[in-house]
Amino acid sequence: MIELDNLTVRRGATVALDGISCRIPEGRLTAIIGPNGAGKSTLLHAMAGLIRPEAGRVRVSGLDVAQARERERARLIALLPQSNAAVPRLTVRELVAFGRWPHHRGRPRAADRRATEEAIARFDLGPLAGREVETLSGGQRQRAFLAMAYAQETPWMLLDEPLAALDPRYTRDIMERLRDISGERGVLIVLHDLSIAARHADWCVALKGGKLQAAGPKDETLTSARLSSLYETPLRVARIEGRAVVIDAA
């Protein structure tokens, strides 16, 4: 479980997160939603221990991440930020293998090589493993970075907008893979597409202006009234062919 207790983060004169308290269960796919500037990325970085809070604390599986050593955090949390610049001449296999660094610290063993190959297979990257990352399409490249995070073998994966600029095919493919992974690891993902959240998430955390608006099962958090208030525009949760979608009701 991830436990947030009165988490407050300040960036300069701005309060980016203001007294956030909630619990996020393990073994779920949790969508973090909210309008631009809500504090979604800041929340992920605070959960990963990369931002020291002004007040409150974050416990991940019982560990106070702000007080933990970097190696302890890296064995517990894999964070994939928004910007993932491809390193020139790095192959997909080499990139994925970087996910094993917290385990071997420069001395890879057979277990690390096995974990790398498992991650490559999990994200269907076998035919691309020898390709340089910079030669891949956007969707292929994102799968490679997700495989790197998966290879870290942490109980928690924190993903900041991994679907940005992807076409519907890659979006569906990645979300289905993450949905499958969430049965064995906690997956937290920042999403802007509310229909994707409605279709794939189990749990939702909603932020606005750095404040928590809701946290809980998606059927309780992704409602027409709550989303309309959150985004300050009329939105409606509907069902099309049995699937929940969020539509503009203006």
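Residue indices begin at 1 and follow the sequence shown.
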Undergrad: Do the side chains of Leu159 and Leu79 get nearer than 4.5 Å, heavy atoms only?
TA: no
Undergrad: Can you tell me if Lys218 uses its side chain to pair, donor with acceptor, with the backbone of Ala201 under 3.5 Å?
TA: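 Indeed, once roles are kept as given, a pair shorter than 3.5 Å links the two residues.
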Undergrad: Would you say CZ of Arg57 has more than 12 non-hydrogen atoms from neighbouring residues, nucleotides or ligands within 6.0 angstrom?
TA: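 No.
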Undergrad: Any link between Leu163 and Met157 through a network of hydrophobic side chains (Ile, Leu, Val, Met, Phe, Trp, Tyr) touching at under 4.5 Å?
TA: yes
Undergrad: For Thr91 and Glu94, what are the C-alpha separation, side-chain angles and deciding distance, and is it a side-chain hydrogen bond (donor to acceptor under 3.5 Å, both in side chains)?
TA: CA-CA 5 Å; Thr91 68; Glu94 290 166 339; 3.3 Å; yes
Undergrad: Do Arg59 and Val65 come within less than 4.5 Å of each other through their side chains, counting heavy atoms only?
TA: no
Undergrad: Before you tell me yes or no, could you show the steps for Leu29 and Met175 under side chain to side chain contact (heavy atoms under 4.5 Å, CB included), namely the whole-Å CA-CA distance, both residues' side-chain angles and the distance that decides it to 0.1 Å?
TA: CA-CA 10 Å; Leu29 196 157; Met175 287 306 300; 4.1 Å; yes
Undergrad: Is the closest basic N to carboxylate O distance between Arg179 and Asp202 below 4.0 Å?
TA: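 A salt bridge is present here (some side-chain N lies under 4.0 Å from a carboxylate O).
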Undergrad: Nearest 0.5 Å, please: how far is CZ in Arg199 from CZ in Arg243?
TA: 3.5 Å
Undergrad: So which residues get pulled into Val245's cluster when ILVMFWY side chains under 4.5 Å apart are joined, directly or through others?
TA: Ile240, Ile247
Undergrad: Determine whether Leu191 and Leu80 fall in the same hydrophobic cluster, where Ile, Leu, Val, Met, Phe, Trp and Tyr are linked whenever their side-chain heavy atoms lie under 4.5 Å apart.
TA: yes
Undergrad: Under 3.5 Å, side chain of Lys40 to main-chain N/O of His192, donor-acceptor pair present?
TA: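 Answer holds: no.
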Undergrad: If we only count heavy atoms from C-beta on, is the Ile20 to Leu207 side-chain gap below 4.5 Å?
TA: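 Yes - at least one pair of side-chain heavy atoms lies under 4.5 Å apart.
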Undergrad: Examine Leu44 and Met148 and state if one hydrophobic cluster contains both, with Ile, Leu, Val, Met, Phe, Trp and Tyr joined whenever side-chain heavy atoms are less than 4.5 Å apart.
TA: no
Undergrad: Could you tell me the separation between the CD1 atom of Ile32 and the CG atom of Asp160, rounded to the nearest 0.5 Å?
TA: 8.5 Å
Undergrad: When clusters are formed by joining ILVMFWY residues with side-chain heavy atoms under 4.5 Å apart, either directly or through shared neighbours, do Ile51 and Ile24 land in the same one?
TA: yes
Undergrad: Output the rest of the hydrophobic cluster of Leu230: all Ile, Leu, Val, Met, Phe, Trp and Tyr residues reachable through side-chain heavy-atom contacts under 4.5 Å, sorted by chain and number.
TA: Ile33, Leu194, Leu222, Leu227, Tyr231, Leu235, Val237, Val246
Undergrad: Scan residues 21-33 for pairs that pass side-chain hydrogen bond (donor to acceptor under 3.5 Å, both in side chains), counting only residues two or more places apart or in two chains.
TA: Asp5-Arg23
Undergrad: Pair up each side-chain donor or acceptor in residues 10-19 with any protein partner under 3.5 Å, not counting sequence neighbours, and list the distances.
TA:
residue: Arg10; atom: NE; partner: Glu54; partner atom: OE2; Å: 2.9
residue: Arg10; atom: NH1; partner: Ala13; partner atom: O; Å: 3.4
residue: Arg11; atom: NE; partner: Thr42; partner atom: OG1; Å: 3.4
residue: Asp18; atom: OD2; partner: Lys211; partner atom: NZ; Å: 2.6

Undergrad: Measure from NZ or CZ of Arg185 to the centre of the six-membered ring of Tyr150, then state whether that distance is under 6.0 Å and the direction lies within 45° of the axis.
TA: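 Cation-pi check for Arg185 and Tyr150: passes.
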Undergrad: Please test His200 against Glu176 for side chain to side chain contact (heavy atoms under 4.5 Å, CB included), starting from the C-alpha separation and ending with a verdict.
TA: CA-CA 8 Å; His200 294 281; Glu176 287 176 351; 4.2 Å; yes
Undergrad: Could you check whether atom CZ of Phe98 has more than 12 heavy atoms from other residues, nucleotides or ligands sitting under 6.0 Å from it?
TA: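 Count not over threshold, so no.
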Undergrad: Roughly how far, to the nearest 0.5 Å, is the CD atom of Glu184 from the CD atom of Glu153?
TA: 9.5 Å
Undergrad: Taking the side chain as every heavy atom from C-beta outward, state whether Met47 and Leu188 have any pair of such atoms under 4.5 Å apart.
TA: yes
Undergrad: Which heavy-atom pair separates Ala144 from Leu95 by the least distance, and what is that distance?
TA: CB-CD2, 3.8 Å
Undergrad: What are the two closest non-hydrogen atoms of Leu63 and Ala68, and how far apart are they?
TA: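 Smallest interatomic distance, heavy atoms only, reads CD2-CB, 3.6 Å.
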Undergrad: Just by modelled atom types, is the Ile77 backbone N or O under 3.5 Å from a matching donor or acceptor in the Gln152 side chain?
TA: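 A pair under 3.5 Å: yes.
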Undergrad: Looking only at heavy atoms, what is the nearest atom pair of Ser224 and Ser228, with distance?
TA: O-OG, 2.8 Å
Undergrad: Mind checking the SG-CG spacing from Cys22 to Leu43? Nearest 0.5 Å is all I need.
TA: 7.0 Å
Undergrad: Decide, yes or no, whether a salt bridge links Glu117 with Arg93 under the criterion of side-chain N to carboxylate O below 4.0 Å.
TA: yes
Undergrad: State whether a side-chain donor-acceptor pair under 3.5 Å links Thr135 with Glu132.
TA: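 There is no such pair (donor and acceptor under 3.5 Å, judged by atom type) between the side chains of Thr135 and Glu132.
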Undergrad: Going through the distances and angles, do Gln213 and Val205 end up as a side chain to side chain contact (heavy atoms under 4.5 Å, CB included)?
TA: CA-CA 8 Å; Gln213 304 299 308; Val205 173; over 6 Å; no
Undergrad: Are Trp101 and Leu76 in one and the same hydrophobic cluster, where Ile, Leu, Val, Met, Phe, Trp and Tyr link if side-chain heavy atoms are under 4.5 Å apart?
TA: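 No, separate clusters.
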Undergrad: Let me confirm one number: the CG-CG distance from Leu128 to Asp124, rounded to the nearest 0.5 Å.
TA: 8.0 Å
Undergrad: Under the side chain to side chain contact (heavy atoms under 4.5 Å, CB included) criterion, do Arg141 and Val92 qualify, and how do the steps go?
TA: CA-CA 8 Å; Arg141 185 178 303 179; Val92 169; over 6 Å; no
Undergrad: State plainly whether the residues Asp173 and Arg169 are in salt-bridge range, i.e. N to O under 4.0 Å.
TA: no
Undergrad: Using atom types as modelled and distance alone, determine if a side-chain donor or acceptor of Gln142 lies under 3.5 Å from a backbone N or O of Pro162.
TA: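 Looks like yes, one N/O pair under 3.5 Å.
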Undergrad: Backbone N or O of Gly242 within a donor-acceptor pair of the Arg239 side chain at under 3.5 Å?
TA: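 Yes, the answer is positive, given that a donor and an acceptor are paired below the 3.5 Å cut-off.
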Undergrad: Report the C-alpha distance between Glu134 and Arg89 in whole Å, list the side-chain angles of each, state the deciding distance to 0.1 Å, and finish with yes or no for salt bridge (charged side-chain N to carboxylate O under 4.0 Å, His left out).
TA: CA-CA 7 Å; Glu134 61 186 341; Arg89 306 192 67 81; over 6 Å; no
Undergrad: For the NZ atom of Lys208 and the OG atom of Ser229, what is their distance to the nearest 0.5 Å?
TA: 5.0 Å
Undergrad: Between Asp112 (side chain only) and Arg109 (backbone N and O only), is there a donor and an acceptor less than 3.5 Å apart?
TA: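 Yes: the side chain of Asp112 pairs with the backbone of Arg109.
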Undergrad: Looking only at heavy atoms, which two atoms of Ser137 and Tyr170 are closest? And how far apart?
TA: OG-OH, 3.6 Å
Undergrad: Any pair with a residue in residues 60-77 that passes side-chain hydrogen bond (donor to acceptor under 3.5 Å, both in side chains), sequence neighbours left out, goes on the list, sorted by first then second residue, please.
TA: Ser61-Trp156
Undergrad: On a heavy-atom basis, which atom in Val9 and which in Ala46 lie closest, and how many Å separate them?
TA: CG2-CB, 4.4 Å
Undergrad: Which residues pass the side chain to side chain contact (heavy atoms under 4.5 Å, CB included) test with Ala147, not counting sequence neighbours?
TA: Val96, Ala119, Phe123, Leu125
Undergrad: Please answer whether the main-chain N or O of Asp167 pairs with a side-chain N or O of Thr171 as donor and acceptor at a distance below 3.5 Å.
TA: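 Judged by distance alone, yes, a pair lies under 3.5 Å.
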Undergrad: Would you say Arg100's side chain and Ala151's backbone share a donor-acceptor pair under 3.5 angstrom?
TA: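 Confirmed, Arg100 side chain pairs with Ala151 backbone.
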